[in-house]
Amino acid sequence: MTRRVALITGGMGGIGTAVCRRLAKANGNVVVANCLPGYAKKDEWLASMCKDGFEVHGAEGDVSDFESTAAMVRKVEAEVGPVDILVNNAGVVRDNMLKKMSLAEWMAVIQSNLNSVFNVTKNVIDGMTERGWGRVVNMSSVNGQKGQFGQTNYSAAKAGVHGFAKALAQEVIRKGVTVNSVSPGYVETDMVKSIRKDVLEKLIAGIPIGRLAQPEEIASLVAFLSSEEAGYITGANIAINGGMYMA
Ligand code: CAA
């Protein structure tokens, strides 16, 4: 088994942390977790990963900004090595009904959740195709598949990342690079815990499995799509939503 370098954007958040742990465990991959410049909990996060024996590095960069992302990728390549596995996981929410949504709320979500996928992938994809191996996994969402009241921005961005995956998958598969999306439902993270309590209770009641997902459940799917054995899967969007939406 070949040891790979994996870059996870938003790698120090709820799903991101679980993905870092899972990828670091698989083949002892070297994991690079991205966070925003100046992220206050970075050192504490890195220390807890090192304590558990994982080889994990931090990479500061604003993935919603092309230049910041390009500089971050160049630093990662120089200090850790070329990126073999990219997990486009960084994202934010700014929920509001469209009639109340500001341009700033729309732009924040499109920049961080959709333009970020272009910014990071554009900076690593040529290296993957030149070396003849790569894995790109985009974090989409059940709400990109079915739409969600109060999330025109987020649903548009999450549908967009899978459109991107399907197009890029066709461009790079003959060079050994797969591009897929995963579409989680509601996962027990700070993002979901920030939903108003009454609204969240109603949402959970509507999920057939009757509970939130654990971040580790999403991480194991990401790890499979990032593995050698998933080489025939490309352009796929794998739902992992407790039965909430069956496409
Ligand atoms: N369908 C239809 N009508 C709905 C509705 C729904 N799902 N939700 C609310 N409404 C109705 C309400 O009953 C209310 O009607 P009345 O005015 O007649 O009383 C009206 O719409 C306004 O609703 P709110 O009082 O909730 O409006 P608000 O402005 O206070 O809040 C909101 C709007 C912020 C969008 C809030 O409804 C909310 O937080 N919704 C949840 C959004 C959500 O699921 N976010 C997921 C975040 S996590 C994530 O995105 C991760 C992932 O990938 C899954």
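Nothing here was measured: the structure is a model prediction, and the numbers come from that model. One-based numbering, in listed order, for ligands and for the atoms of each. The figures that follow rest on heavy atoms only: side chains count, while hydrogens, waters and symmetry mates do not.
- Applying the salt bridge (Lys or Arg N to Asp or Glu O under 4.0 Å) rule to Lys197 yields the partners Glu201; only residues at least two apart in sequence or on another chain are considered.
- The shortest distance between side-chain heavy atoms of Ile238 and Asn180 does not fall below 4.5 Å.
- Using a 4.5 Å cut-off on side-chain heavy atoms (C-beta onward), Glu60 and Tyr39 make no contact.
- Every residue meeting the side-chain hydrogen bond (donor to acceptor under 3.5 Å, both in side chains) condition with Asn237, not counting sequence neighbours, appears here in chain and number order: Ser183.
- Between Val179 and Met128 there is no side-chain heavy-atom pair separated by less than 4.5 Å.
- Residue-level contacts of ligand 1 at the 4.0 Å heavy-atom threshold are Val93, Asp95, Met97, Lys100, Ser141, Asn143, Gln148, Phe149, Gly150, Gln151, Tyr154, Gly185, Tyr186, Met191, Val192, Ile195, Arg196, Val199, Leu203.
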Donor-acceptor pairs under 3.5 angstrom involving side-chain atoms of residues 72-85: please list them, not counting sequence neighbours.
| unit_1 | atom_1 | unit_2 | atom_2 | d |
| --- | --- | --- | --- | --- |
| Asp84 | OD2 | Val5 | N | 2.8 |

